Amino acid sequence: MKPYAPLPEDFFQQPTLLLAEALLGCLLIKETEEGIASGYIVETEAYMGPEDRAAHSFGNRRTKRTEIMFNEPGFVYTYVMHTHCLVNVVSGPKEKPEAVLIRGIEPVDGLDLMKKRRKMDDLKNLTNGPGKLTKALNITIDDYGRRFTSPPLMIAKGIPPGKVTRGKRIGIDNSGDARNYPWRFWIAENPYVSRNRK
DNA sequence: ATAGAGATGGCCT
DNA sequence: GGCCATCTCTATT
C-alpha cells in the first residue's frame with residue numbers, strides 16, 4: 001500500500017460544480033485503529049446552497065447541522081439520514097454554504113475490512129451508495145468538522161476518471177424544480193455508481 | 001428489471 | 001410531530 005498524500009487546500013477552492021466533477025477519480029481514505037480503507041470516488045452530487053431547494057442550506061438555513069457549510073471549502077460535512085451517515089465535502093467560499101455529496105466509490109484498499117463492516121462479500125454492493133460507503137469506510141458523525149487534508153479522513157490524488165456523465169440528482173423528489181438540475185456526476189460505465197439513470 | 005413498503009433515528013419547527 | 005440527499009427485502013413483470 002503506497003503512502004497517501006492528501007490534496008492541498010487550494011484544490012477545494014474551485015467552484016462547486018467544477019469541484020464535484022474534479023473529485024471523480026480521487027481517492028477517499030479513512031484511517032482507523034482497525035486499519036486503512038479507501039476507494040476512488042466515482043459518483044458525486046453538488047448542492048448549491050441558498051438557491052438550491054434540495055440543499056440543507058437552502059435559503060441560508062443556518063443550524064447546528066448546516067453550520068459547517070458556511071466555512072471555507074475542504075471541511076467534512078457528515079449527517080445522519082435514517083440509519084445511515086452521509087459524507088459531503090464543504091465547498092464554495094466562506095459564508096457560501098455549498099457542498100458536494102459523495103455517492104459512490106470503487107474499493108481500493110482494505111477490502112477485507114470493508115466486507116467485515118458491511119457484513120457481506122459482494123464486492124459490487126460494498127460501496128455503491130452514499131450510506132454504504134460510509135459504513136464500509138467507517139465514516140461517522142464524529143468526522144463532522146474535520147478537514148479532508150489530514151488524517152484520519154482524507155482525499156488524495158487518484159486516477160484519471162475517463163468519461164464523465166452528468167444528470168439529475170437522486171432522492172430529492174420533494175424539491176420542486178431543483179430535482180431536475182443536472183448536478184449529479186459519475187464515471188461512465190463504472191460498476192460502483194449507485195444507480196443508472198439520467 | 002422494476003416498484004413499493006417498512007425500518008428507523010436525529011434534526012427541526 | 002413531521003420530515004427526510006437511504007437501504008434492503010418482497011412481490012411482481
Side-chain angles (χ1 to χ4, degrees), chain A residues 16-17 19-21 23-24 28 30 37 39 41-71 73 75-92 96-107 114-145 148 153 155 165-187 189 191-198:
Chain A
T16 297
L17 288 172
L19 180 63
E21 187 166 349
L23 282 167
L24 295 175
L28 179 67
K30 177 70 190 271
I41 297 170
V42 301
E43 180 182 355
T44 60
E45 281 179 1
Y47 286 86
M48 300 299 285
E51 307 84 28
D52 179 3
R53 198 161 153 202
H56 295 152
S57 52
F58 176 62
N60 273 316
R61 228 154 108 265
R62 195 159 187 154
T63 67
K64 178 181 162 196
R65 187 171 71 159
T66 64
E67 186 61 35
I68 195 67
M69 282 199 269
F70 290 83
N71 270 305
F75 279 92
V76 179
Y77 171 33
T78 49
Y79 80 99
V80 175
M81 173 59 171
H82 296 290
T83 57
H84 306 276
C85 184
L86 274 57
V87 63
N88 294 251
V89 181
V90 171
S91 171
K96 296 276 283 180
E98 302 171 358
V100 177
L101 170 67
I102 299 174
R103 289 194 53 93
I105 66 172
E106 175 178 333
M114 293 193 223
K115 287 176 179 172
K116 181 178 142 203
R117 287 169 176 160
R118 291 273 293 124
K119 296 183 169 55
M120 61 161 64
D121 281 329
D122 183 5
L123 188 59
K124 288 268 170 54
N125 281 310
L126 235 38
T127 56
N128 61 336
K132 297 179 185 178
L133 71 92
T134 54
K135 189 165 186 191
L137 295 192
N138 194 32
I139 294 171
T140 71
I141 199 68
D142 289 339
D143 290 305
Y144 182 99
F148 282 105
L153 184 55
I155 292 174
T165 314
R166 70 187 284 181
K168 297 178 186 178
R169 293 174 294 178
I170 287 179
I172 54 164
D173 291 343
N174 300 332
S175 302
D177 290 342
R179 96 179 77 180
N180 295 317
Y181 300 163
W183 289 346
R184 172 175 177 244
F185 301 86
W186 67 95
I187 297 180
E189 315 283 319
Y192 300 97
V193 168
S194 65
R195 54 184 280 203
N196 289 304
R197 89 162 200 202
K198 284 215 167 175

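Below, chains carry the letters A, B, ... as their sequence lines are ordered, and counting in each starts from 1. Reckoned from all heavy atoms, side chains included, excluding hydrogens, waters and symmetry mates. Because the structure is a prediction, the values reported are computed rather than measured.
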[X] [atom1] - [N] [atom2] separation (whole Å):
X	N	atom1	atom2	answer
A:Leu86	B:dT8	CG	P	18 Å
A:Asn128	C:dT6	CG	C1'	12 Å
A:Tyr79	C:dT6	OH	P	6 Å
A:Arg61	B:dC11	CZ	C1'	9 Å
A:Trp183	C:dA5	CH2	C1'	14 Å
A:Glu43	C:dT6	CD	P	10 Å
A:Lys135	B:dG9	NZ	C1'	15 Å
A:His84	B:dG10	NE2	P	13 Å

State the [atom1]-[atom2] distance between [X] and [Y], to the nearest 0.5 angstrom.
X	Y	atom1	atom2	result
A:Thr44	A:Leu23	OG1	CG	6.5 Å
A:Glu189	A:Thr165	CD	OG1	7.5 Å
A:Thr127	A:Arg118	OG1	CZ	8.5 Å
A:Leu28	A:Phe148	CG	CZ	6.5 Å

| field | Opposite nucleotide pairing with B:dT8, Watson-Crick or G-U, both atom distances under 3.5 Å | value | none

At 4.0 Å (heavy atoms only), tell me whether [X] reaches a base, stays on the sugar-phosphate, or touches nothing.
X	value
A:Asn174	sugar-phosphate
A:Arg118	sugar-phosphate
A:Ile172	sugar-phosphate

| task | For A:Pro50, check side-chain contact (heavy atoms from CB on, under 4.5 Å) against everything at least two apart and list the hits. | result |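 A:Pro50: side-chain contact (heavy atoms from CB on, under 4.5 Å) contacts with A:Asn60, A:Pro97.
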
| field | OP1 or OP2 of C:dT6 under 4.0 Å from side-chain N/O of A:Arg103 | value | yes

| request: State whether A:Lys64 places a side-chain N or O below 4.0 Å from either non-bridging phosphate oxygen (OP1 or OP2) of B:dG10. | output: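 No, no such contact exists.
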
| pi-stack flag for A:His82 and C:dT6, centroid dist under 5.5 Å, interplanar under 30° |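 It does: the two rings, one from A:His82 and one from C:dT6, meet the stacking criterion.
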
| message | Quick check on DNA chain C: between A:Ser194 and A:Met81, whose nearest nucleotide comes earlier from the 5' end? | response |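 Counting from the 5' end, the first nearest nucleotide belongs to A:Met81.
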
| said: Starting the side chain at C-beta, find the nucleotide from C:dA5, C:dC7, B:dT8 nearest to A:Thr83. | reply: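 My answer, after comparing the listed nucleotides, is B:dT8.
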
